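First the structure, in the form of structure tokens, and then the observations on it.
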Amino acid sequence: MPLGEVLKLLRQAGLPGLRQGPAPFAKSREAPSVSVPDGATYLTRTFSCEAGSRDYKVYVPSRAGTRKRPLIVMLHGCTQDPDDFAVGTGMNRLAEEHGFIVAYPRQPVMANQAACWNWFSIADQMRDAGEPSIIAGITRKIMAEFNVDAKRVYVAGLSAGGAMAANMSATYPELYAATGVHSGLPHGSATDVVSAFAAMRGRSNSTAPALKQTRRKGANDRVRTIVFHGASDQTVHPSNAELIFAEARAGLTHPAQVTQHDGSMGGRAYTRQVILDANGVPHAEHWAIEGLGHAWSGGSADGSYTDQHGPDASREMLRFFAGTPELR
């Protein structure tokens, strides 16, 4: 069930999606099976702190080696789980190909009836509090357990997970080197369910006053960000991607090169805007994909909320995270 349908049902029930207990929604699709090649591991872990506890999965590729490896933290969308998101995005396959670690925190129905990350709650948009504190804790725990390069830690997500990824980059900019937001919303675009509806419809306000102080101050306090959004998204208005892109651009204080390219990939036309810093490293990217709805571009049909057509969002995010302007 897409994020928009979830919030619609919650609104009709007069609930903000925060009530404890089982979800009164349609039966979820069966979770896909995750294939693990010889030598690789797909582990289940649990992290607990004052803000709460969350289970998470960790994929460690077979070609581990002795060098420090990158880490990508993937935040699933509503009604999804780590296995579904791993299969749909194909990130484990790419991790095996490129040798990085992937983590998939799981949002339980006890925290949100539709397993959505609570991106719109003030308590879950602040540093050292709520879900950001838990996700940051999971990130640090994995960094300590495995041989992770602290300079190559990234966070990405879809829909509610994309909005939470934006929250993470705003509240922990020193922890994440880059962020990938697919079909999500900017940090501070909502502070409750009513404003969440408005933001999803494209009526987002600027960062709420109560959240402005949560951003760390500095010349480059905004994390490098790549944004994907379908031009036909009827759940989260595409203008949210433009806001995220504008915020990322505002964090670049040095001279930059701005390019725009119209092209076609995987049977879908797209417009791609890129902002390079003075060193030629992409600081912000915005992919607007024609004909794409509320789904992961170039994903696998074996996962939920994916579209097999269009640019491969997973591979393009990896390319961006590595600081490369173009795929090689």
Side-chain angles (χ1 to χ4, degrees), residues 32 34-35 37 40 59 61 63 70-77 80 82-104 152 154-159 161-162 165 177-184 224-233 236 238 241 244-245 248 259-276 281-328:
V34 177
S35 176
Y59 183 86
R63 40 174 292 191
L71 166 66
I72 301 179
V73 179
M74 296 287 289
L75 304 176
H76 63 73
Q80 293 183 314
D83 291 352
D84 183 12
F85 200 38
V87 171
T89 60
M91 273 298 180
N92 288 359
R93 172 177 50 82
L94 292 176
E96 192 65 29
E97 181 180 335
H98 296 280
F100 60 86
I101 296 172
V102 196
Y104 303 92
R152 293 189 292 166
Y154 315 103
V155 61
L158 170 68
S159 191
T179 305
V181 181
H182 202 312
S183 311
R224 293 175 53 240
T225 304
I226 182 170
V227 188
F228 277 82
H229 215 112
S232 299
D233 193 331
V236 177
I244 297 171
F245 182 67
T259 64
Q260 179 169 316
H261 172 69
D262 294 323
S264 179
M265 192 182 300
R268 291 200 187 280
Y270 65 84
T271 296
R272 174 188 175 216
Q273 292 178 282
V274 183
I275 298 177
L276 303 178
V281 175
H283 180 83
E285 281 194 28
H286 176 206
W287 291 70
I289 305 169
E290 294 297 326
L292 177 67
H294 195 65
W296 190 275
S297 179
S300 168
D302 292 330
S304 64
Y305 308 116
T306 61
D307 189 322
Q308 300 175 70
H309 305 291
D312 186 338
S314 297
R315 196 172 289 275
E316 292 293 347
M317 283 186 183
L318 291 184
R319 184 265 311 157
F320 178 85
F321 291 163
T324 306
E326 302 293 341
L327 278 175
R328 295 174 179 172

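For the single chain, residues carry numbers from 1 onward in sequence order. For clarity, every value in this text was computed on a predicted model and none was experimentally measured.
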How far apart are the closest heavy atoms of [X] and [Y], and which atoms are they?
{"X": "A301", "Y": "Q308", "value": "CB-NE2, 3.2 Å"}
{"X": "M74", "Y": "V102", "value": "CG-CG1, 3.7 Å"}
{"X": "A295", "Y": "H182", "value": "O-CE1, 3.0 Å"}
{"X": "S159", "Y": "H294", "value": "OG-NE2, 2.8 Å"}
{"X": "S183", "Y": "D233", "value": "CB-OD2, 3.8 Å"}
{"X": "G230", "Y": "P238", "value": "O-CG, 3.5 Å"}

Listed by chain and number, what are the ring pair (Phe, Tyr, Trp, His ring centres under 6.0 Å) partners of [X], not counting sequence neighbours?
{"X": "H286", "result": "F245"}
{"X": "F320", "result": "none"}
{"X": "F321", "result": "Y154"}
{"X": "F100", "result": "none"}

Quick one: list whatever passes side chain to side chain donor-acceptor pair (under 3.5 Å) with S314, sequence neighbours left out.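 For S314 the side chain to side chain donor-acceptor pair (under 3.5 Å) partners, ignoring immediate neighbours, are W296.
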Under the side chain to side chain donor-acceptor pair (under 3.5 Å) test, which residues partner R152, sequence neighbours left out? D149
Return the [atom1] to [atom2] distance between [X] and [Y], rounded to the nearest 0.5 Å.
{"X": "D83", "Y": "H76", "atom1": "CG", "atom2": "NE2", "answer": "10.5 Å"}
{"X": "I101", "Y": "N92", "atom1": "CD1", "atom2": "CG", "answer": "12.0 Å"}
{"X": "R319", "Y": "H98", "atom1": "CZ", "atom2": "NE2", "answer": "12.0 Å"}
{"X": "T306", "Y": "F85", "atom1": "OG1", "atom2": "CZ", "answer": "10.5 Å"}
{"X": "I72", "Y": "L94", "atom1": "CD1", "atom2": "CG", "answer": "8.0 Å"}
{"X": "E290", "Y": "S264", "atom1": "CD", "atom2": "OG", "answer": "10.5 Å"}

Among residues at least two apart in sequence or on other chains, which ones pass side-chain contact (heavy atoms from CB on, under 4.5 Å) with [X]?
{"X": "T259", "result": "Q257, V274"}
{"X": "T271", "result": "Q260, D262"}
{"X": "A40", "result": "V36, P37, Y59, S62, E96"}
{"X": "P311", "result": "F228, M265, Y270, W287, I289, S297"}

So, the side chain of R272 versus the backbone of H261: is there a donor-acceptor pair under 3.5 Å, distance only?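 Absent.
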Can you check whether V87's main-chain N or O pairs, donor with acceptor, with D302's side chain at less than 3.5 Å?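 Judged by distance alone, no pair lies under 3.5 Å.
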S232 vs L292 side-chain heavy atoms within contact, under 4.5 Å: no
Going by the rule salt bridge (Lys or Arg N to Asp or Glu O under 4.0 Å), which residues pair with E97 if we only count those two or more places apart in sequence or in a different chain? R315
Residues that R268 engages under salt bridge (Lys or Arg N to Asp or Glu O under 4.0 Å), provided they are two or more places apart: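 Salt bridge (Lys or Arg N to Asp or Glu O under 4.0 Å) check on R268 returns D307.
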Apply side chain to side chain contact (heavy atoms under 4.5 Å, CB included) to I244 and H229, showing your working. CA-CA 11 Å; I244 297 171; H229 215 112; over 6 Å; no
